[in-house]
Student: 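Quick one: the structure is below, and I'll ask about it shortly.
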Amino acid sequence: LRYYCGRVLPDANVILRGFLSKDLEKGKFFENFTILISNVVKTETDTPGGKKEWERLSKFASIGRIKLEEVFYSTEYIP
């Protein structure tokens, strides 16, 4: 999990464990952060547990507690 200046770049483990939604339900440290969703993490979390966490994060985004932003990362080397 990397976070800096109001943006969070979670890895698949953070999503699968439900870390962000648990924080938003209780501690609210990540409130008003932008969650950056990479294509790699989205693919790795295409499981029942991952889909459930994305639903919870979408709920928090719909009520304005966080923002979700998709970003594309290429795994290919581009000189």
Side-chain angles (χ1 to χ4, degrees):
L1 174 65
R2 296 179 185 190
Y3 61 94
Y4 184 72
C5 293
R7 294 182 184 260
V8 178
L9 182 61
D11 61 8
N13 290 327
V14 170
I15 299 301
L16 294 173
R17 292 180 186 194
F19 180 77
L20 294 172
S21 64
K22 288 176 187 172
D23 174 77
L24 290 164
E25 289 170 354
K26 297 176 182 157
K28 301 180 184 175
F29 177 82
F30 291 108
E31 190 169 63
N32 297 320
F33 273 65
T34 299
I35 311 298
L36 302 174
I37 306 165
S38 74
N39 56 323
V40 175
V41 171
K42 199 166 185 178
T43 302
E44 291 175 348
T45 58
D46 191 18
T47 63
K51 290 177 183 178
K52 190 71 171 171
E53 177 67 358
W54 289 121
E55 288 175 14
R56 287 187 284 240
L57 291 175
S58 296
K59 180 188 83 167
F60 288 117
S62 71
I63 61 175
R65 302 253 322 264
I66 60 171
K67 295 177 187 160
L68 297 175
E69 183 179 320
E70 289 193 50
V71 293
F72 178 76
Y73 290 104
S74 175
T75 57
E76 297 178 19
Y77 174 74
I78 302 173

Student: Give a yes or no on whether the backbone of Phe30 and the side-chain of Asp23 come within a donor-acceptor separation of less than 3.5 Å.
Tutor: yes
Student: Is Thr34 close to Ile66 at the side-chain level, that is, under 4.5 Å between some pair of heavy atoms?
Tutor: no
Student: Are Arg56 and Glu25 close enough, and set up right, to give a salt bridge (Lys or Arg N to Asp or Glu O under 4.0 Å), and what steps lead you there?
Tutor: CA-CA 10 Å; Arg56 287 187 284 240; Glu25 289 170 354; 5.2 Å; no
Student: In Å, rounded to the nearest 0.5 Å, how long is the span from CG of Leu68 to CZ of Phe33?
Tutor: 14.0 Å
Student: Going by the side chain to side chain donor-acceptor pair (under 3.5 Å) test, name the single residue among Lys59, Glu53, Lys52, Lys26 that passes it with Ser21.
Tutor: Glu53
Student: Determine yes or no for a side-chain-to-main-chain donor-acceptor pair under 3.5 angstrom, with Lys22 supplying the side chain and Arg17 the backbone.
Tutor: yes
Student: Report yes or no: do Leu20 and Leu16 belong to one cluster of Ile/Leu/Val/Met/Phe/Trp/Tyr joined by side chain heavy-atom distances under 4.5 Å?
Tutor: no
Student: Looking at NZ of Lys51 and OG1 of Thr47, how far apart are the two atoms once the value is rounded to the nearest 0.5 Å?
Tutor: 8.0 Å
Student: Using 0.5 Å steps for rounding, measure from the CD1 atom of Ile35 to the CD1 atom of Ile15.
Tutor: 7.5 Å
Student: With sequence neighbours left out, write down each residue that passes ring-ring contact (aromatic ring centres under 6.0 Å, His included) with Phe60, or none if nothing qualifies.
Tutor: none
Student: With rounding to the nearest 0.5 Å, note down the distance linking CG in Leu9 to CD in Glu69.
Tutor: 11.0 Å
